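Structure record follows, encoded as C-alpha cells.
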Amino acid sequence: MIKITFPDGAVREYENGSSALDIAKSISEGLAKKVLAASVNGEVWDATRPIYNDAILKLLTWNDAEGKSTFWHSSAHLMAEAVESLFDGVKFWVGPPVENGFYYDMDLGGKQITEDDLRKLETKMAELAKKNEVYVRKEMPKAEAVKYFAEKGDEYKLDLLQNLKDGEITFYTQGNFTDLCRGPHIPNTGFIKAIKLTNIAGAYWKGDEKNKQLTRIYGVTYPSQKELDEYLQMLEEAKKRDHRKLGKELGIYTMNDDIGQGLILWMPNGTVIIEELEKLAKETELAAGYKRVVTPHIAKENLYITSGHLPYYADSMFPPMEMDGEKYYLKAMNCPHHHKIFDAELKSYRDMPYRIAEYGTCYRYEQSGELFGLMRVRCLHMNDAHIYCSKEQFAAEFKAVNDMYLKYFKIFGIDKYVMRLSLHDPAKLGEKYINEPELWLQTEELVRNVMKEANIPFVEVKGEGAFYGPKIDVQIWSTIGREFTLATNQVDFAQGRRFKLSFTNKNNEPEIPLIIHRAPLGTHERFIGFLLEHYAGKFPTWLAPVQVKILPISDKFMDYAQTVLQSLKKADIRAEVDDRSEKIGKKIRDTELAKVPYMLVIGEKEMNEGKVSIRRQGKGDLGAKNIDEFVAEISNEIKERI
RNA sequence: GCCGUUGUAGCUCAGUGGUAGAGCACUUCCUUGGUAAGGAAGAGGUCGUGAGUUCAAUUCUCAUCAACGGCUCCA
C-alpha cells in the first residue's frame, strides 16, 4: 500500500501501483472524468501513470494551469497525428502548449499548407479525437531512440536527443502517431471536444534567423464547444479595443504610403492627446527638478561612435546622409545629444544631480515585419530625460524615477503591468553588452537593492538589458496579447566614461557621473496606443479630444447653444455644437459612438432656465444644471485629471 | 529581414475574364423632432502600383508596395 496525501492534508492508503486516475475514480466517477493530469510530489504526471511510492497528490483538471497546458500539449500531438495522416514525409520539431492553445513546428519538405488545409486538419482531428485514443507512455534507452530516428532520417528529433540522457527519454503514442516527448499527457483524445486551428506561420528552427524556417501551425482546443465559442467571442471583443481600429475610428492618427512605413501622421484629435500628455510631463518634471532642453534630429557619425551605439545598432538606424564629406545620422536616441549639453559647462557637485528632459523625436529603422500600429514605429517621440548623478545620489534618483512612474500610473489607472529588472547576458559580453563584467554585476545589484528597499515587486530577466547597463522596464500587453515595454528606467555606467563626462566632487577631484535614462511615459506613439486600448477609446475628460458636445433639440435653440459654447470656451473646455438638423436621438447616438465624455442637451426648458441637461457618455442622463455650475464641475475634473 | 494571408468608394464589406455594387459617412432638399439611427434625392471608385497572358483583366500570371498573423529584432 502507498500513502497518498491530498492538498487538504487528508492522507489515504491505496494499492501500490495505483494511478491518479484510479484514485480519482475511488473518490467519484464524476471527478475521474475531469482529471487531465496529476501533480505527484510537485511533478506533473500522466493521470494514468502508476504511483509506486507515498506521494503528495493533486489531481489536475481544466481549472488548473497545468491541467490546461497538458490538455493543449496533448492537442498538439493530436494535430501532429492529423498532419501526418494528410501529408507525407512531415518531420516534426517541437509542439508545446502556449498561453492560449498550442503550436507545432514542422518541416513539410517544401510543401505549402493553406487555410483550407487547416479546416481539413480540424475535421481530421475531431475524427481522431472521437476514437478516444489513449496516450501511451514508453521509456526507451537513448541508443534505441537514436537508432529509431536515424532510420527514419529525422534530423530534428535526433537533434533533440543530443541533449537528453539515458533514463530521461520517453515516447508517447496515440493512435498512429508516436513522438519523442517528456509528457505528460491527458488520458485519451476523447477529452478534446472543440478544435480551432488559428493560423499558419513561419518560425525559425530554434528561434535563430540563420536557421531554416519551419512551418508553425497554431491552434486552440477546449473540452466543450461552448468554451471554445466563448474564447472566440472574447477574441472578437478584444479586436474592438485594438488601438489600430479605435485610432482610425476616433480620428487619432493615420498612415500613408507616400509618407512611409511606420511613420505616424497625428490628426487633430491625436494631437490634443499629445499636448495634454506633454503638459502633464512638463508639470511633473518641473516639480521634480528637471530642466528642459531641445536638440536637433540629426548628428554626425562620430557622436554615435563615441556613444558606442553604432557598432550595436547601425542596422536599425536610418542610413547616413553625406554632406560636405561628413556623415549625418538621424538620431535613434537622445542621450548623446544630452551628454553634450551636460558637457557644455563645467560641473561641480553643487550642480548634481543634473536632470534634463526633452520630448525627443527619434528615428529607428525597425524591421518592416515588426511594425505594429502605434506600438512599434519608425519615428517616435520619447518622454526622455537624463539624470547625471554621483554614486551616492544614484539610489535616491533611481527611486524618484520609479515613484514618478507610479504617480503617472495612478493618474491613468494603469495597474496591469510587470516591472522587469532587465539584466545583461554574460555570454554576450563584448557582443551585445559593454565588456565590463564587474561593473555589470555591481550596477545590477545597485538597481536590485533600490527595488527591494522600495518594496516594488519585480521579475528579473537575463539578456534584456541595454548595452550600457541594466534597467527597469515596465511591461504591458496589447489587447491582442503582444508584450511591450511601456516605460523604462535605465542605468548607464558606460557612456559617462565614453563621453569623458565629469564633475568636480567635494574633494576637488574629477568624478565620472552615473547616468539614468528614463522614459516613464515611453513614447507618444506607444503610450497613446496603449491608452487607446486601456480606455477602449473612452478617454478621461482631461485627455478627450472633444470634452463636451452641445446638442440642441432643434434649430430654434442654436443661439442658446452658441451662448453655452462661449461659456465653455472661456473656461478652456474643448466643446463643439452639433448643428446638424437631426433628431436628438441621432445626435446622442453619434456622440456616444464618438466617445465624447459629456453631452449637453438643450431645448426650450434649458433655454428658459439658463441651464443645460447633462448626459455622461456611457452613463445616460444626469439631469439639468446651471451652466456655471457645470463649467465649475467639469473644470475641476479636468484640472484634477480625474 | 523571413514564412503565410490580404489589398474594390472616406469606413465596413459583397462581386465579376466583357471597364463595378451594398450599408454607414458625405452633399442638397423635406422634416424642427426631448435622451442611442426621421424621409427623399445626389455625388463619390482608372478595383494598391507596374508588367505579362488574352480580342478583352478589377478578375488569371509575375514583380513591387502596403496592411494583417507569426518568427527574428526592439538602444
Side-chain angles (χ1 to χ4, degrees), chain A residues 103 105 108 112-115 118 198-218 239 242 244-245 248-249 251 254-258 260-262 304 307-310 312-313 315-317 331-336 362 364-373 375-377 380 382 384 422 432-433 464-469 471 473 480 482-485 488 490 492 495 517 519 526 551-558 580-593 599-606 613-618 620-623:
Chain A
Y103 66 79
D105 281 351
L108 292 166
Q112 270 193 6
I113 207 159
T114 64
E115 288 286 324
L118 292 189
T198 47
N199 51 30
I200 310 164
Y204 297 110
W205 185 40
K206 294 185 180 180
D208 187 335
E209 63 180 327
K210 290 185 199 82
N211 286 341
K212 182 170 180 174
Q213 200 159 50
L214 304 176
T215 302
R216 174 174 295 180
I217 304 178
Y218 281 91
K239 274 191 198 156
D242 191 312
R244 293 167 296 184
K245 185 172 159 64
K248 186 182 275 182
E249 284 171 2
T254 187
M255 292 196 250
N256 185 284
D257 282 359
D258 289 336
Q261 275 187 292
Y304 301 109
S307 71
H309 283 96
L310 262 184
Y312 295 97
Y313 297 109
D315 285 350
S316 45
M317 290 176 76
K331 70 176 172 187
M333 69 299 297
N334 306 300
C335 35
C362 299
R364 297 180 179 178
Y365 191 78
E366 304 284 8
Q367 296 189 53
S368 62
E370 250 310 324
L371 299 170
F372 177 68
M375 303 276 205
R376 193 80 182 269
V377 294
L380 42 99
M382 209 191 301
D384 212 356
S422 302
K432 200 179 165 189
Y433 300 105
E464 290 287 347
F467 76 85
Y468 46 64
K471 52 183 179 154
D473 292 320
I480 64 162
R482 260 192 230 177
E483 183 176 349
F484 286 97
T485 298
T488 186
Q490 316 180 342
D492 180 348
Q495 290 198 55
H517 305 236
R526 190 169 288 177
L551 311 179
I553 300 275
S554 86
D555 292 353
K556 283 188 267 178
F557 314 108
M558 220 48 94
R580 299 173 303 166
S581 50
E582 291 287 353
K583 288 181 146 180
I584 192 66
K586 171 72 168 163
K587 289 182 183 180
I588 286 171
R589 179 183 158 79
D590 289 346
T591 315
E592 286 278 350
L593 292 176
M599 282 156 263
L600 299 182
V601 176
I602 54 171
E604 183 144 28
K605 205 170 64 191
E606 288 78 8
S613 280
I614 302 159
R615 187 186 161 98
R616 184 74 222 245
Q617 202 273 344
D621 196 350
L622 300 183

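The chains referred to below are lettered A, B, ... by the order of the sequence lines, with proteins before strands, and numbering in each begins at 1. Remember, it's a predicted structure, so these values are computed and weren't measured experimentally.
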Looking only at N and O atoms, is any donor in the side chain of A:Arg216 or the base of B:C71 less than 3.5 Å from an acceptor on the other one?
no
Apply side chain to side chain donor-acceptor pair (under 3.5 Å) to A:Asp384 and list each qualifying residue two or more places apart in sequence or on a separate chain.
A:Asn334
Between the base of B:C2 and the side chain of A:Gln213, is there any donor-acceptor pair under 3.5 Å?
yes
Hey, is A:Phe467 stacking on B:A75? Ring centres under 5.5 Å, planes under 30°.
no
By salt bridge (Lys or Arg N to Asp or Glu O under 4.0 Å), A:Arg376 pairs with (sequence neighbours left out) A:Glu366, A:Glu370
Residues in side chain to side chain donor-acceptor pair (under 3.5 Å) with A:Tyr218, at least two apart?
A:Arg216
Looking at B:G34, I'd like to know if its phosphate oxygens (OP1 or OP2) sit under 4.0 Å from a side-chain N or O belonging to A:Arg615.
no
Please work out if A:Glu115 contacts a base, only the sugar-phosphate, or nothing of the nucleic acid, heavy-atom cut-off 4.0 Å.
nothing
Which pairs would a plain distance check flag for residues 584-591 of chain A, meaning a side-chain donor or acceptor within less than 3.5 Å of a matching protein atom at least two apart in sequence or in another chain?
| from | atom 1 | to | atom 2 | distance (Å) |
| --- | --- | --- | --- | --- |
| A:Lys587 | NZ | A:Pro552 | O | 2.9 |
| A:Lys587 | NZ | A:Asp578 | O | 3.3 |
| A:Lys587 | NZ | A:Arg580 | O | 3.2 |
| A:Asp590 | OD2 | A:Arg580 | NH1 | 3.0 |
| A:Asp590 | OD2 | A:Arg580 | NH2 | 3.0 |
| A:Thr591 | OG1 | A:Lys587 | O | 2.6 |

side-chain contact (heavy atoms from CB on, under 4.5 Å) partners of A:Gln617, counting only residues at least two apart
A:Lys538, A:Glu592, A:Lys595, A:Met599
Listing for RNA chain B: consecutive Watson-Crick or G-U pair runs of at least 3, distance cutoff 3.5 Å, ranges ordered by first number, gives B:1-7 with B:65-71, B:10-13 with B:21-24, B:26-30 with B:38-42, B:48-52 with B:60-64
Between the side-chain atoms of A:Tyr365 and the base atoms of B:G1, is any donor-acceptor pair under 3.5 Å?
no
Indicate, with yes or no, if the rings of A:Phe467 and A:Tyr433 have centres closer together than 6.0 Å.
no
Expected rows: protein N/O vs nucleotides 22-29 of chain B N/O, under 3.5 Å:
| from | atom 1 | to | atom 2 | distance (Å) |
| --- | --- | --- | --- | --- |
| B:A25 | OP1 | A:Lys586 | NZ | 2.5 |

For nucleotides 41-48 of chain B, list the nitrogen or oxygen atoms of the protein found under 3.5 Å from its nitrogen or oxygen atoms, one pair per line.
none

Rounded distance [0.5 Å steps], CD1 in A:Ile480 versus NZ in A:Lys239
9.0 Å
A:Tyr304: ring pair (Phe, Tyr, Trp, His ring centres under 6.0 Å) partners, not counting sequence neighbours
none
Any side-chain N or O of A:Lys471 under 4.0 Å from OP1/OP2 of B:A75?
yes
Sequence-distant partners of A:Lys206, side-chain contact (heavy atoms from CB on, under 4.5 Å), two or more places apart
A:Trp93, A:Asp159, A:Asn211
Test of understanding: with side chain to side chain donor-acceptor pair (under 3.5 Å), list the residues that count as partners of A:Gln213, not counting sequence neighbours.
none
Has the side chain of A:Ser307 got a donor or acceptor that lies under 3.5 Å from a partner of the other kind on the base of B:A75?
no
Tell me, please, which residues at least two apart from A:Lys210 pass side-chain contact (heavy atoms from CB on, under 4.5 Å).
A:Asp208
With a 3.5 Å cut-off and just heavy-atom distances, do the side chain of A:Ser581 and the base of B:U31 make a donor-acceptor pair?
yes
Quick one: the side chain of A:Glu606 and the base of B:G34, do they pair up donor-acceptor inside 3.5 Å?
yes
